[in-house]
Amino acid sequence: MAIEIITKDDLEAFRKNLLLDIRLLLSEKQQDNKEWLRCADVRKMLKISTGTVQNLRISGKLKSQKVGGIHYYKLTDVENMISGKIK
């Protein structure tokens, strides 16, 4: 049975590599653009309240798809609203 001794330097190098790998995974996840957004995402992007999102949906200015009781909004529609193409 071979015994390996792990030093503090080995652990520090492992920690740095692990943190780097985690950062890479998180940055890849953030770069993925969602095609569909939930109400909370729309609120953050437009800086409006939940009621305002609901009013935009009811008035037909922002279309949604309802799946399992949750309204989803197209990212392109929200971006068009931000750019002023949809009023």
Side-chain angles (χ1 to χ4, degrees):
M1 178 179 192
I3 297 175
E4 275 189 53
I5 298 176
I6 299 174
T7 64
K8 286 184 180 181
D9 292 334
D10 294 334
L11 290 174
E12 183 65 25
F14 174 73
R15 183 185 72 82
K16 287 180 181 178
N17 287 334
L18 184 62
L19 287 174
L20 180 62
D21 291 342
I22 291 171
R23 285 188 189 116
L24 287 172
L25 287 172
L26 290 176
S27 67
E28 288 174 8
K29 193 173 191 178
Q30 290 175 354
Q31 290 175 358
D32 293 339
N33 282 338
K34 298 179 187 177
E35 186 177 346
W36 293 93
L37 305 171
R38 295 178 78 159
C39 179
D41 300 324
V42 174
R43 284 189 307 109
K44 289 176 187 173
M45 288 180 72
L46 297 175
K47 297 178 180 150
I48 58 177
S49 69
T50 305
T52 305
V53 174
Q54 182 179 359
N55 288 336
L56 289 171
R57 185 182 71 242
I58 291 169
S59 67
K61 294 180 182 178
L62 188 59
K63 296 181 182 188
S64 71
Q65 293 291 320
K66 191 172 182 180
V67 178
I70 299 173
H71 288 275
Y72 290 93
Y73 304 87
K74 273 191 163 182
L75 175 63
T76 53
D77 290 345
V78 176
E79 289 173 341
N80 287 339
M81 186 166 277
I82 291 171
S83 67
K85 293 180 182 175
I86 299 175
K87 291 188 178 188

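What you see below is based on every heavy atom in this structure, not just the backbone, and it leaves out hydrogens, waters and symmetry mates.
Heavy-atom contacts from other residues, nucleotides or ligands closer than 6.0 Å to CG of L20 number more than 12. A 6.0 Å sphere centred on CD of E12 holds more than 12 heavy atoms belonging to other residues, nucleotides or ligands.
Of all heavy-atom pairs spanning M45 and E79, the tightest one is CE-CG, 4.3 Å.
Considering only heavy atoms from C-beta on, L56 comes within 4.5 Å of I48 through its side chain. A heavy-atom distance below 4.5 Å is not found between the side chains of D41 and L75. Taking 4.5 Å as the limit, some side-chain heavy atom of Y72 sits within range of a side-chain heavy atom of V67. You'll find the side chain of I70 stays beyond 4.5 Å of the side chain of K66, heavy atoms only.
Looking only at distances, a side-chain donor or acceptor of D10 sits under 3.5 Å from a matching main-chain atom of T7. Side chain of N80 to main chain of T76: a donor-acceptor pair is present (N/O by atom type, distance under 3.5 Å, no hydrogens or angles).
Taking CD of Q54 as the reference point, atom OG1 of T50 lies at 9.0 Å (rounded to 0.5 Å). The CG atom of L37 sits 9.5 Å away from the CG atom of D77 when rounded to the nearest 0.5 Å. Note that the OG1 atom of T52 and the CG atom of L46 stand 9.5 Å from one another [nearest 0.5 Å].
Screening R57, R38, Q65 against Y73 for a side chain to side chain donor-acceptor pair (under 3.5 Å) leaves a single residue, R57.
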Practice task
Evaluate the side-chain hydrogen bond (donor to acceptor under 3.5 Å, both in side chains) criterion for residues R43 and S49: first the C-alpha distance (whole Å), next the side-chain angles of each, then the deciding distance (0.1 Å), finally the verdict.
Solution key: CA-CA 6 Å; R43 284 189 307 109; S49 69; over 6 Å; no
